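What follows is one structure encoded as structure tokens, with my remarks underneath.
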Amino acid sequence: MYWSRTLIPTARQAPADAQIASHQWMIRAGLVRQIAAGVYDWLPLGWRAMQKICAIIRQEMDATGAQELHLPALLPAQWWKQTGRYADYGPLLFKVKDRRDTEMILGPTHEECVTELVKAYVGSHKQLPLILYQIQGKFRDEARPRNGLLRVREFFMKDAYSFHSSAESLHETYQAMYHAYVRIFRRCGVSAVAVEAESGPIGGEASHEFICPCAAGEDVMVRSEDGAYAANLERAGRAIFAPLTLATAAAAPPAPLQRVPTPGAATMQQVGQMLGAPPQHMIKTLVFVAGKDAPRPWVLACVRGDHEVNEAKLRHVAGSVELAPAEPARAAGLIIGFVGPHAANTIPAQLVIDPDVLALPTAIAGGNEVDWHVKNFNWRHHLHPAAAQRAVVADIRNAVPGDRSPAGSPLTFSKGIELGHVFKLGTRYSQALGATYLDENQQAQAIIMGCYGIGPGRILVAALETLCDADGINWPMSIAPYQVVITPIQYEGRARQVADQLHAELVTRGVDVLLDDRDQRPGVKFKDADLIGIPLRVVLGEKGLAAGQAELKRRGEKGPVMLPLANLAAAVDERVRKCLAEATL
RNA sequence: CGGGGCGUAGCUCAGCUUGGCUAGAGCGCUUGGUUCGGGACCAAGAGGUCGCAGGUUCAAAUCCUGUCGCCCCGACCA
């Protein structure tokens, strides 16, 4: 490709709106253009990189025996209501109506769609296992798109879905996908750490996330110093030393609950300041409702004042829960902001108590009346037997620095970008939608499923976040929009002749090459080449040509190497292959 | 959804407090010339519904009201 015929709008300045490095470089290098919050044009250069990433994903998916297909973005809302995800996704789901008022959605993911497909055509165990995948646009009506291309409303996604007649078969495919993912990220030149994850609203039983460590990431991963444990924050477990029960909790010398006024102080910080006590000595009690059908029972989650309730962990012990709306809770006597565990003495609520907060012999807690807290709370003395009987002690808080892994190694916390996610879904979707097969005994069984997602756009963002330098992008050879840029110092005479010929030969050899034929000063061409980050640059200058030589320089390395003009294309081609091979190792 | 900030040329921004001539600068763009190994210089140009609507006023980029959009923090989130 000749540069003068491309659309590569490089810019000296990034727009003020672009905050993170990847976003700034993407715009300065002319990869994308923003259209609306979380909506972007992919310009030719960015689209080439994206296609390279997708090609690698396709190769690795195909190698696992998966088959690519294409599914619509526009989907009937009906399917989503059937699986319950219409409600679960809530406002995150893009909803549209057609002219006949039929409710449709723009798919954020395609479990329903692909399950309906398989339901229609797969009826026998002999047709299983089956792996299907798609790479296409998906939609989410994000509350707040942000961080450039990291959190957007329309995005590309590779989603693979597997269908099985046994848990063993699912496990086999899960492992195959896991290893394919490791290869994909390595080939794309981005680092990725596999961490245990919650499967979230998508449902299912086992799950790993692949996270690229970098400061701009929105995910928190938790790893143990011994390297044996890695999980995301939502999932991360911790070692509980000397576990307590309500019966063995510390019994402080009996002291009556002392009411203390805390006008307007509904947060731990406010209460702590007002009473001059650190949050570690306070009990935070959050009100949840459980189940789906009214009357939904109350669940009171208690953690230490300086800790955060982890809803996923809470669900493991209390089932499906969500934060209670303030008004109904207040009507029931649970004054949000001033709730204490002893509310369970008078209200039939289940207490779920984190071990750390149970270890407090005497604590400050909500007073169960507006603008009042209590001092001297003790679990043994101030909880009635009935309430204590309903109570459960379990790890329900987020891990924090200072915690140890389940095996006892200190935990470290770092940020990262979620690049991919693999799930064992089980039969959640097949059951909801009636996708069954006949087994050897002619019995109908729900198909067992797995699903495996990768965000190609996030791979690109991760590459930019981790590989750029002061001059611009430094693409890995494998996903660079062009592999080689030819830069004649002046595009005329001998240099032009050599440049044209090298370009033609490289094209013939299948090398992605860009020839900077613009009438620009050398400085401009060098700056632009560095900015858009082409891995190999061939410079044709007067002196070199006179000596029968061209310069070959690797982006990011100091000096060039001189190559003879004879067999120049072959030498460049070989260098490209070498770089590609290194990435595949 | 709560809090904060911002909308003036393709990009970065000034002008707004205290209303008043033809709305400015740098970068980018066009034309001509001189240049040519790391974002050149000179000269001449093109380019604007000052986000939109309404209001106040003799007069609005500037003041008032509403509205739309974008960014950041939080809440939320396969």
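If you're wondering where the values come from, they're calculated on a predicted model, not measured in any experiment.
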Ion pair present between [X] and [Y], side-chain N to carboxylate O less than 4.0 angstrom?
X	Y	answer
A:Arg428	A:Asp88	yes
A:Glu308	A:Arg397	no
A:Glu68	A:Arg58	yes

Worksheet item: So which one's nearest nucleotide on RNA chain B is more toward 5', A:Lys525 or A:Asp159?
Response: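 The answer here is A:Lys525.
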Practice prompt. Assign each of A:Gly455 and A:Ala36 to its nearest nucleotide of RNA chain B by heavy atoms, then name whichever residue's nucleotide is nearer the 5' end.
Written response: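 Checking each residue's closest nucleotide, the 5'-ward one belongs to A:Ala36.
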Item to complete: Please state whether the phosphate of B:C72, meaning OP1 or OP2, lies under 4.0 angstrom from any side-chain nitrogen or oxygen of A:Arg144.
Response: yes
Item to complete: Check whether any side-chain N or O of A:Arg146 sits under 4.0 Å from OP1 or OP2 of B:C70, and answer yes or no.
Response: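 No.
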Nearest to the side chain of [X], heavy atoms from C-beta on, is which of [options]?
X	options	value
A:Val539	B:G37, B:C70, B:G39	B:G37
A:Glu551	B:C71, B:A75, B:G37	B:G37
A:Arg12	B:C27, B:C71, B:G37	B:C27
A:Leu92	B:C77, B:G39, B:C71	B:C77
A:Pro522	B:A75, B:G39, B:C36	B:C36

Distance, [atom1] atom - from [M] to [N], rounded to whole angstrom:
N	M	atom1	value
B:C64	B:C16	P	14 Å
B:G19	B:A61	P	14 Å
B:G7	B:G48	C1'	14 Å
B:G39	B:G3	C1'	41 Å
B:C36	B:G45	C1'	25 Å

Worksheet item: A:Tyr2: what forms a side chain to side chain donor-acceptor pair (under 3.5 Å) with it, not counting sequence neighbours?
Response: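 Only A:Asp500 meet the side chain to side chain donor-acceptor pair (under 3.5 Å) criterion with A:Tyr2.
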Worksheet entry | Set of residues satisfying side-chain contact (heavy atoms from CB on, under 4.5 Å) with respect to A:Gln19, sequence neighbours excluded | none
Worksheet item: Relative to A:Tyr174, does A:Lys424 satisfy both conditions: NZ or CZ under 6.0 angstrom from the six-membered ring centre, and within 45 degrees of the ring's axis?
Response: yes
Item to complete: Describe, in one word, how the ring planes of A:Tyr181 and A:Phe210 are oriented to each other, choosing from parallel (under 30°), tilted (30 to 60°) and perpendicular (over 60°).
Response: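 Tilted.
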Protein-nucleotides 10-13 of chain B N/O pairs closer than 3.5 Å?
residue : atom : partner : partner atom : Å
B:U12   : OP1  : A:Ala16 : N            : 2.7
B:U12   : O4'  : A:Gln13 : OE1          : 3.1
B:U12   : O2'  : A:Gln13 : NE2          : 3.4

Output one line per pair: protein atom, nucleotide atom from nucleotides 29-35 of chain B, and distance, for all N/O pairs under 3.5 Å.
residue : atom : partner  : partner atom : Å
B:U35   : O2   : A:Arg521 : NH1          : 2.8

Enumerate, atom names and distances included, each donor-acceptor pair closer than 3.5 Å involving a side-chain atom of residues 446-461 of chain A, sequence neighbours excluded.
residue  : atom : partner  : partner atom : Å
A:Tyr452 : OH   : A:Ser162 : OG           : 2.7
A:Arg458 : NE   : A:Leu150 : O            : 3.2
A:Arg458 : NH1  : A:Glu418 : O            : 3.1
A:Arg458 : NH2  : A:Leu150 : O            : 3.1

Going by atom type alone, with no hydrogens or angles, which donor-acceptor pairs under 3.5 Å involve a side-chain atom of residues 523-533 of chain A and a protein atom two or more places apart or on another chain?
residue  : atom : partner  : partner atom : Å
A:Lys525 : NZ   : A:Pro488 : O            : 2.9
A:Lys525 : NZ   : A:Arg518 : O            : 3.2
A:Asp528 : OD1  : A:Thr10  : OG1          : 3.1
A:Asp528 : OD2  : A:Arg518 : NH1          : 3.0
A:Asp528 : OD2  : A:Arg518 : NH2          : 3.1

